[in-house]
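Here's the structure we're looking at; comments come further down.
Just follow the structure's listing: the first ligand is 1, and inside any ligand the first atom is 1.
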Amino acid sequence: MKATLLVALLALASLPAYAGGDAGAGAQKSKACAACHGADFDTPISPDIPRLAGQHEDYLARALSDYKSGERKNPIMDGQAGALSAQDILDIAAYVSSLNGKLKVMPLQRFAK
Ligand code: HEC
């Protein structure tokens, strides 16, 4: 009985936190993206390229899906996302959201003046 419980717990523990994406696979699949977004996804090569490290996983997946579908348009990213499968998008979103970065929301009062 105890052994059965242990096996069940181990099986649960080995499930990824978010069943959609595999961060390990995402690390491999996102290597080309580092050319612009930075190897740590927190040091983009120019100010018009967004930081991505630590961004919400669902936001990243949505942004990439929208570039791919044409819902969101950008001459650079349309091509980048167009080459990704739905699974690639989930894997990359899982990986990039797991990274630590300086991304933050600016406090509202900073905009008030
Ligand atoms: C040639 C440079 C370049 C490469 C390579 C590149 N990106 Fe981008 N990325 C950009 C730029 C520029 C933007 C801003 C586009 C815009 O304003 O919509 C962007 C935007 C994004 C966004 C939206 C961020 C936000 O805050 O809304 C995501 C997500 C993203 N890129 C992921 C990726 C991924 C994943 C890859 C690799 C498959 C990649 N990028 C490769 C330049 C690049």
Side-chain angles (χ1 to χ4, degrees):
M1 185 63 195
K2 267 188 188 160
T4 313
L5 186 62
L6 187 62
V7 168
L9 283 175
L10 283 173
L12 268 180
S14 65
L15 281 175
Y18 179 72
D22 174 346
Q28 297 306 314
K29 293 174 178 178
S30 63
K31 291 214 184 296
C33 320
C36 292
H37 291 281
D40 57 0
F41 285 89
D42 198 40
T43 48
I45 59 167
S46 111
D48 58 340
I49 301 178
R51 286 177 197 277
L52 299 178
Q55 178 56 277
H56 293 287
E57 185 172 356
D58 53 353
Y59 178 96
L60 292 167
R62 176 65 191 265
L64 292 168
S65 303
D66 284 352
Y67 286 128
K68 187 175 163 70
S69 71
E71 184 75 23
R72 182 172 170 178
K73 294 190 194 320
N74 177 264
I76 298 171
M77 280 309 300
D78 291 355
Q80 296 292 324
L84 302 173
S85 71
Q87 189 62 49
D88 293 342
I89 288 175
L90 292 175
D91 292 347
I92 290 171
Y95 171 64
V96 174
S97 66
S98 75
L99 301 173
N100 289 320
K102 292 188 275 299
L103 194 66
K104 60 176 181 283
V105 176
M106 200 177 285
L108 193 57
Q109 57 268 30
R110 297 268 295 272
F111 293 104
K113 288 176 189 142

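- Those atoms of ligand 1 with a heavy atom of I92 less than 4.0 angstrom away are 35 (C).
- Scanning the protein heavy atoms around atom 30 (C) of ligand 1, the nearest turns out to be M77 CE, 3.4 Å.
- At least one side-chain heavy atom of C33 sits under 4.5 Å from a side-chain heavy atom of F41.
- Contact annotation: for P50 versus ligand 1, heavy atoms closer than 4.0 Å belong to the side chain alone.
- Scanning the protein heavy atoms around atom 27 (O) of ligand 1, the nearest turns out to be Y59 OH, 2.5 Å.
- Considering backbone and side-chain atoms together, R51 places no N or O closer than 3.5 Å to any N or O of ligand 1.
- Annotation: atom 41 (C) of ligand 1 to nearest protein heavy atom, Q80 OE1, 3.5 Å.
- Looking at L60 and L52, their side chains come closer than 4.5 Å, going by heavy atoms from C-beta outward.
- Contact analysis puts R72 in contact with ligand 1, with a non-hydrogen atom separation below 4.0 angstrom.
- Nearest protein heavy-atom neighbour of atom 17 (O) of ligand 1: N74 ND2, 3.8 Å.
- Taking both residues in full, the closest heavy atoms of A34 and A39 are given as CB-CA, 3.7 Å, listed atom of the first, atom of the second, then distance.
- Closest to atom 22 (C) of ligand 1 among all protein heavy atoms lies Y67 CE1, 3.8 Å.
- Looking only at side-chain heavy atoms (C-beta outward), L64 and M77 come within less than 4.5 Å of each other.
- Checked by distance only, ligand 1 and D48 stay at 3.5 Å or farther apart across all their nitrogen or oxygen atoms.
- When every heavy atom of D91 is checked against every heavy atom of D22, the shortest pair comes out as OD1-N, 2.8 Å.
- Ranked by closest heavy atom to atom 3 (C) of ligand 1, the top entry among A83, C36, A81 is C36.
- Annotation: side chain of P44 is in contact with side chain of R51 (closest heavy-atom distance under 4.5 Å).
- Looking at atom 37 (C) of ligand 1, its nearest protein heavy atom turns out to be C33 SG, 1.8 Å.
- By the criterion of a heavy-atom distance under 4.0 Å, the side chain of L52, and not its backbone, is placed next to ligand 1.
- Of the protein's non-hydrogen atoms, H37 NE2, 2.8 Å is the one closest to atom 40 (N) of ligand 1.
- Counting only distance, with no hydrogens or angles, the side chain of D42 and the backbone of N100 share no donor-acceptor pair below 3.5 Å.
- Expressed to the nearest 0.5 Å, how far CG of D48 lies from SG of C36 amounts to 9.0 Å.
- In the vicinity of L60, heavy-atom distances shorter than 4.0 Å reach the ligand 1 atoms 29 (C).
- When every heavy atom of A23 is checked against every heavy atom of Y95, the shortest pair comes out as O-CB, 3.4 Å.
- The shortest side-chain heavy-atom distance between P50 and H37 falls under the 4.5 Å cut-off.
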